[in-house]
Amino acid sequence: MTSPIQNRKYANEITAANEGERVSIAGWVHEKRDLGGVFFLVVRDIGGFAQVTLIRKKTDKELFERVKRVPRESVVAIEGKVKSEQKAPNGYEIVPERMEVLSEASQVLPLDTTGKVGAELDTRLDARFMDLRTERTKHIFIIRSHVLKAIRDFLDERGFIELNTPKIVSAATEGGTALFPISYFEREAFLNQSPQLYKQMLMASGFDRVYEIAPIFRAEEHDTTKHLNEATSIDIEVAFVDHEYVMTLLEELVAFVYSKVADYPGLAKLNLNLEVPKTPFRRITYDEAIELLSGAGEEIEWGEDFSTSAEHTLGKIIGELYFITDWPCAIKPFYAQPAAGGTCNAFDLMHPRLELSSGSQRVHSYELLEKNIELKGLSADSFEFYLDAFRYGMPPHAGWGLGAERLLMCMLEIGNIREVVLFPRDRRRLVP
RNA sequence: GCCCGGGUGGUGUAGCGGCCUAUCAUUGAGCCCUGUCGAGGCUCGGACUCGGGUUCAAAUCCCGACCUGGGCGCCA
């Protein structure tokens, strides 16, 4: 006797056209409905749901009782015949001959997987393995996979190569954010906040077009719906181009990702209307943004960064994806290329809700870079490993970093960034 | 770090000084029912975060701790 798992089919691989065929399915007991003379068991797998129907009079007594007793969310394998049936959810049902209980689930369950009763995010994250069995959550992560694939397809097609830079780094940072210290043998090291310095060094190596999709770590003690202490960054760097070039690349990439997600059938489970943004995105300068804000009664002094409320106000005024360009040097990192009037060739890609990406044309002159580092109050000495790459032939270059989770949460209209990470790391949560 | 909320069965909630032996839904155990698809009906089980205090009386008011939601700051 062979195990039913061997010839396993997914729920969505079976149709009414398979009438009469003997098939095996395996998955989780999603629901049971006992109508007395007829009993329905809904089995869930990654493909969908399969209804198993047992008619009391026509079913082996022992099998009928076992199916009736199997606890919800247990893992079962069922072998049976496909029956075309109008009254069944997918137009077919399975009349079982055998059932193996591969793993019996304890009761009661920590969450409802059918969507009848909601659960708070904290409860869901505590039992994330089970939360991921729900349709909505499952599809968020399938979409996440599609988004990352779309990004790789887009960049690969344009001659980019994917590289990996270290996540364990020495003290030197770009400044700004706090780092997580770790113990590295007899020395102190840190988890990297961004691949910025390394991807720039690769420009000196002649790779020309690189990207990296990888975790970044920020030790900020913020506790909001849009921050994580471990996030995924999508970073690119391109040689022999300026900021305008990478802005165009960014808006086309984002529009491409939206279009791929819009095509995904499982999007229906998230109950939203996804509009693919039109390119090019609107561009406003930092100065124009200040004017718009002033018109809305929000005064920002030149040289200040935008507050959360200012971001929201701008988002409301503009109402779509947009770029803010020509930022003051003072509020951008040392590697942003200076331009006229105290501004630099840096940009932010904004969603009406929040910032998705920032990038710039980079400083490629060793002398200027060294000066900029000192101007920011950082020590050039600790950047020696980075600065060295600028001394022996560094082409002009530009790039950006895009937050994968932020893109997802905005695109899918999800309120809390934790929802789009499997096992989020935030100020309080280190488990699971 | 600051400012507001909230912690009631497994889950989601109602109650906000005495009518609480705590509501409802769902889940769990069991029973009835031959077409369910959030099935239906009946029976049963299951909870006031913890520690102080106020009061004749506390789930309810006060204080503290812990946990938690949101806004802001920081940051991306």
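Just so it is clear, the model here is predicted, and its values are computed rather than measured. All chains are named by letter (A, B, ...) in the order of the sequence lines, taking the proteins before the strands, and each is independently numbered beginning at 1.
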| request: With heavy atoms under 4.0 Å as the rule, sort A:E31 into base, sugar-phosphate or nothing. | output: sugar-phosphate
| said: What I want to find out is whether A:E100 reaches A:R66 closely enough, with some N-O distance under 4.0 Å, to be called a salt bridge. | reply: no
| task | Identify the nucleotide, in any strand shown, that forms a Watson-Crick or G-U wobble pair with B:G1, with both distances under 3.5 Å; if there is none, say none. | result | B:C72
| Distance flag, aromatic centroids of A:H139 and A:Y264, threshold under 6.0 Å | yes
| remark: Scanning all shown strands, the Watson-Crick or wobble mate of B:U55 with both distances under 3.5 Å is none
| said: Both A:G415 and A:G37 contact RNA chain B. Which one's nearest nucleotide lies toward the 5' end? | reply: A:G37
| task | Using a heavy-atom cut-off of under 4.0 Å over every strand shown, decide if A:S307 touches base, sugar-phosphate, or nothing. | result | sugar-phosphate
| message | Would you say A:Q337 and A:S360 are linked by a side-chain donor-acceptor pair, where the criterion is simply a distance under 3.5 Å? | response | no
| message | Does A:T123 reach a base, just sugar-phosphate, or nothing at all? Heavy atoms under 4.0 Å. | response | sugar-phosphate
| message | Using a 4.0 Å heavy-atom cut-off, does A:L35 contact any base of the nucleic acid, only the sugar-phosphate backbone, or nothing at all? | response | base
| note | In short, A:R44 meets A:R133 closest at the heavy-atom pair NH2-CD, 3.2 Å
| query | The side chain of A:R428 lies closest to which of these nucleotides: B:G69, B:G35, B:G73? | reply | B:G69
| request: Report which part of the nucleic acid A:E311 touches: base, sugar-phosphate, or nothing (heavy-atom distance under 4.0 Å, all strands). | output: nothing
| Within the structure shown, what part of the strands sits under 4.0 Å from A:H30 by heavy-atom distance: base, sugar-phosphate, or nothing? | nothing
| said: So, does A:N416 get its side chain near the phosphate of B:G70, meaning an N or O under 4.0 Å from OP1 or OP2? | reply: yes
| message | Determine whether the aromatic ring centres of residues A:F306 and A:W327 are separated by less than 6.0 angstrom. | response | yes
| request: Report yes if at least one side-chain N or O of A:R72 is closer than 4.0 Å to OP1 or OP2 of B:G28; otherwise report no. | output: yes
| task | Please work out whether the ring planes of A:F390 and A:H397 are parallel, tilted or perpendicular, with thresholds of 30° and 60°. | result | tilted
| message | Between P on B:G35 and NZ on A:K58, what's the gap in Å once rounded to a whole number? | response | 13 Å
| request: Have a look at A:R56 and say if it touches a base, only the backbone sugar-phosphate, or nothing, with a 4.0 Å heavy-atom cut-off. | output: nothing
| query | Taking the side chain of A:E85 as heavy atoms from C-beta outward, which of B:U11, B:G35, B:G1 is closest to it? | reply | B:G35
| remark: Quick note, A:Q51 side chain, CB onward, closest among B:A76, B:U36, B:U11 is B:U36
| said: I'd like to know if A:D34 reaches the base of B:C33 with its side chain such that a donor and an acceptor end up less than 3.5 angstrom apart. | reply: yes
| Using a cut-off of 4.0 Å on non-hydrogen atoms, how would the nucleic acid contact of A:K226 be classed: base, sugar-phosphate, or nothing? | nothing
| message | In whole Å, I'd like the distance from the NZ atom of A:K68 to the P atom of B:C32. | response | 7 Å
| query | Is A:D223 touching bases, backbone alone, or none of the nucleic acid, heavy atoms closer than 4.0 Å? | reply | base
| So what does A:D112 hit on the nucleic acid, given a heavy-atom distance under 4.0 Å: a base, only sugar-phosphate, or nothing? | nothing
| query | Which part of the nucleic acid does A:T225 contact within heavy-atom distance under 4.0 Å: base, sugar-phosphate only, or nothing? | reply | sugar-phosphate
| message | The test is ring-ring contact (aromatic ring centres under 6.0 Å, His included); show your working for A:Y198 and A:F385 and say whether it passes. | response | CA-CA 10 Å; A:Y198 289 94; A:F385 76 98; 5.7 Å; yes
| task | Tell me what A:L228 touches on the nucleic acid: a base, only sugar-phosphate, or nothing, going by heavy atoms under 4.0 Å. | result | base
| note | The Watson-Crick or G-U wobble partner of B:C48, with both key distances under 3.5 Å, is none
| note | Per nearest nucleotide of RNA chain B, the residue lying toward the 5' end, A:G36 or A:I417, is A:G36
| field | Polar pair under 3.5 Å, donor/acceptor by atom type, side chain A:H222, base B:C74 | value | no
| Taking atom P of B:C75 as reference, at what distance in whole Å does atom CD1 of A:I216 sit? | 15 Å
| message | I need the CD-C1' distance between A:Q107 and B:G46, as an integer number of Å. | response | 15 Å
| said: What is the separation between atom CG on A:D131 and atom C1' on B:G10, rounded to the nearest whole Å? | reply: 15 Å
| Looking for any heavy atom pair under 4.0 Å, which part of the strands does A:P89 touch: base, sugar-phosphate only, or nothing? | base
| task | Look at all strands and tell whether A:G118 reaches a base, only sugar-phosphate, or nothing, counting heavy atoms closer than 4.0 Å. | result | sugar-phosphate
| request: Answer yes or no: side-chain N or O of A:E93 and base N or O of B:G35 forming a donor-acceptor pair under 3.5 Å. | output: yes
| task | Tell me which nucleotide among B:C75, B:G35, B:G10 gets nearest to the side chain of A:V108. | result | B:G10
| query | Using purine N1 to pyrimidine N3 plus N6-O4 or O6-N4 for Watson-Crick, or N1-O2 and O6-N3 for G-U wobble, each under 3.5 Å, what pairs with B:A25? | reply | B:U11
